[in-house]
Amino acid sequence: MLAAADVQGSRSPRNLIILYVEVSNTVLLKVLLMEDYFERMSHLLVDRSSPLGMVLNETQLQEFDFVTAPERRKDVRFGEYVITKNAVGEPLFGVIESLFGFNKILQVYERQGVTNPELDVITNSTDIRDSSELIVAHVKVLGRLILKIKDGKIKDVEIRPNKHPITPLTRVYSPSRGLLKAIFEESEDSNPPRRIKIGYLLNFYNYEENKGDVAVYLDLNRLLSRHFAIFAVTGAGKTNTVLVIASNIVRDFGGTVVVFDYHGEYARLRDYQDKLDFRINVLKDPSIRPGDLFIGEIQQLLDIRPRYTNMRDALQRAYEKLMSKRAVIVDNEELSVENFGSAFIKGLEDALKEVKADAEESNNRKLREGVEGVLRNLRLRRDILTRILYDKGKSDVIRSLEPGAMNILDLSSFSEDEAITFVSYVARTALRERVKAVREGANKVREAFRYPLLLVIEEAHVVLDPKKAEESAYWLSRIAREGRKFGISLGIVSQRPKRLEEDVVSQCNTFIILRLIEEQDRRRVKNSSEMITDDIADSLTSLDVGEALIVGYAVPAGVPVTVKVEDFTRLYEGVSYGGRDVDFIREWSPIRNRNNSVIDAGDLPM
């Protein structure tokens, strides 16, 4: 059956001759196009310039090569989109994946042998050199275009697999601005909006004017329901990208975002709340109530690794004794060991001493040594426990989260083990509460968890290392696998993709990749998405600050796109955040000026 969408835009039934043939109760539909659909739609599909070139021989359904026209060589670039047609006149949309050049005359001379004088004539003659040089582009076909036309303009575009060959010598064009806008921008008819603006098509961005012609939007439901990852080297624009996405979600959709701010880069936004048009909730040194921690998370805080079996046994026994007491006296006040860190620490120390006495009485050497190890670690890590556990005057992280806001959890003063424990705790609590909200009703959970939420994990390679971060890696993996069913999404941000838990990365269906240098990181990214070829992976080293390749489920029509990500500080003038490179010379200038002012002129060398 011929889908109606296949002929949308056809102005009259006379454009088609439809022939029905019935054989063995099977109806075959043969369509003969009297007019070439591509030619009729060309004023909407292609720009007004001359063709970029022509298709060479040996084409395939999903890829082809074309040789560039001499006058359009400068317009043919890696990552550029192109338009051509297949053998039945359907418009095809593709992207240039690689380019190579050669000289026809030199190729002939290489076969026949060339002398130095003849080579000099060729290389010194501009006319001969230019007329014999060819640029060939390799194109990946992204699909055939199904257009929705309204009032003589493209209103919507579907991209479906190509099923017909491409005829050699077919012309190749640059797509029109109108077509690109229909693919990548939010439709005017979309109400309510379903996309968020991430930036502009890189090849149409004017750096001198800081302006782009074609905006790029991402489908928000697709971005969140299947999780996303942002990868880049330090200083390439990860923090800016997160802020652009998170501010869109909170401002335009009333969404709830939780950012684990490992280096305190986002926390600086608290100084600019009057300049922002979305809600932020910065929690400085957020804390956890002791009773909410799992024993594995306490082991992480005390640096008791899985191989320390004696210490783990000792801690388990002491923990059971402690929980049976419920409360201890601290500074002449009875405090709950489940709610107050000071009570928990004192009570745990007392319980360990009791376990040690039991071990000595039963002559259990391994248990005694285990207790001594835990007591030693408790003394060494008392400051860590004091910092992360809740006490009077601190903010309980779960009770302090706000719905419809960008919640920034400032972990900059935390050690790595504290950060791992903290992420583990918040992740499992969020999952538990969202499961409860979906199954039992939103009124059964705290307000912040009554609605779907996004967890953004900065420095994800720290908390997703299964060898060093067993607890957090486990809970984040659970969210990656199950979160979409319960309205909890993950955004993982890292400069070292190769160190990430593979189970989590495999569940991310959208990748925002800024500049990546290290080969193993690029290889890991390439293996994460079938859309990333070797050439595309290699191109990641040449991206400038704020430029990103985006591939995956959230990209309109599934088309890989290279963008100039919006600059958050241009959207909100006068606002600054951390994460940018320090200007050493400027920071040193007060010292230099002070030193120079006290140098006597007579001391200067002649």
* Structure fact -> Here the gap from Asp521 atom CG to Ile513 atom CD1, rounded to the nearest 0.5 Å, amounts to 11.0 Å

* To do: Considering non-hydrogen atoms only, spot the tightest contact between Leu543 and Arg515 and give its length.
  => O-CD, 3.2 Å

* Structure fact -> With sequence neighbours left out, the residues meeting side chain to side chain donor-acceptor pair (under 3.5 Å) with Asn86 are Glu90, Asn162

* Under 4.0 Å between a Lys/Arg side-chain N and an Asp/Glu carboxylate O for Arg160 and Glu158? -> yes

* Structure fact -> Residue pairs meeting ring-ring contact (aromatic ring centres under 6.0 Å, His included), one or both in residues 522-550, sequence neighbours left out, come to none

* Structure fact -> Looking only at heavy atoms, the pair that brings Ala137 and Val76 closest together is CB-CG1, 4.2 Å

* To do: Would you indicate whether the side-chain heavy atoms of Arg194 and Asn221 approach each other to under 4.5 Å?
  => yes

* **Criterion salt bridge (Lys or Arg N to Asp or Glu O under 4.0 Å) on Arg522 and Glu518, from CA distance to verdict** => CA-CA 6 Å; Arg522 286 186 281 116; Glu518 216 273 332; over 6 Å; no

* To do: Find out whether Met406 and Leu243 are in side-chain contact, i.e. whether some heavy atom of one side chain is under 4.5 Å from a heavy atom of the other.
  => yes

* Residue list, side chain to side chain donor-acceptor pair (under 3.5 Å) with Arg428, at least two apart or on another chain -> Glu297

* Could you tell me which residues satisfy side chain to side chain donor-acceptor pair (under 3.5 Å) with Arg270, sequence neighbours excluded, listed by chain and number? => none

* Asked: Centres of the Phe511 and Tyr553 rings: under 6.0 Å?
  -> no

* Asked: Taking atom CD1 of Ile245 and atom CD1 of Ile196, what is their separation to the nearest 0.5 Å?
  -> 5.5 Å

* Could you give the distance from OH (Tyr474) to CG (Leu464), rounded to the nearest 0.5 Å? -> 14.5 Å

* Does any pair with a residue in residues 197-211 pass salt bridge (Lys or Arg N to Asp or Glu O under 4.0 Å), and if so which ones, sequence neighbours excluded? -> Lys197-Glu566, Glu209-Lys211

* To do: Not counting sequence neighbours, list each pair that qualifies as a ring-ring contact (aromatic ring centres under 6.0 Å, His included) and has a residue in residues 245-285.
  => Phe278-Tyr572

* Asked: Under the side-chain hydrogen bond (donor to acceptor under 3.5 Å, both in side chains) criterion, do Ser413 and Asp285 qualify, and how do the steps go?
  -> CA-CA 7 Å; Ser413 65; Asp285 297 332; 2.5 Å; yes

* Asked: So, Tyr81 versus Phe93, ring centres under 6.0 angstrom or not?
  -> yes

* Structure fact -> Closest non-hydrogen atoms of Leu180 and Pro175, given as atom of the first, atom of the second and distance, are CD2-CG, 3.9 Å

* To do: Just say parallel, tilted or perpendicular for the rings of Phe64 and Phe66, cut-offs at 30° and 60°.
  => tilted

* Using modelled atom types only, decide if a donor and an acceptor are shared between the side chain of Thr68 and the backbone of Arg73 within a distance under 3.5 Å. => no

* Test item: side-chain donor near acceptor, Ser98 and His138, under 3.5 Å -> no

* Asked: Going through the checks in order, is the salt bridge (Lys or Arg N to Asp or Glu O under 4.0 Å) test met by Asp75 and Arg72?
  -> CA-CA 5 Å; Asp75 300 319; Arg72 297 299 303 275; 2.7 Å; yes

* Asked: If you measure from the Lys or Arg side-chain nitrogens to the Asp or Glu carboxylate oxygens, is any gap between Arg177 and Asp213 under 4.0 Å?
  -> yes

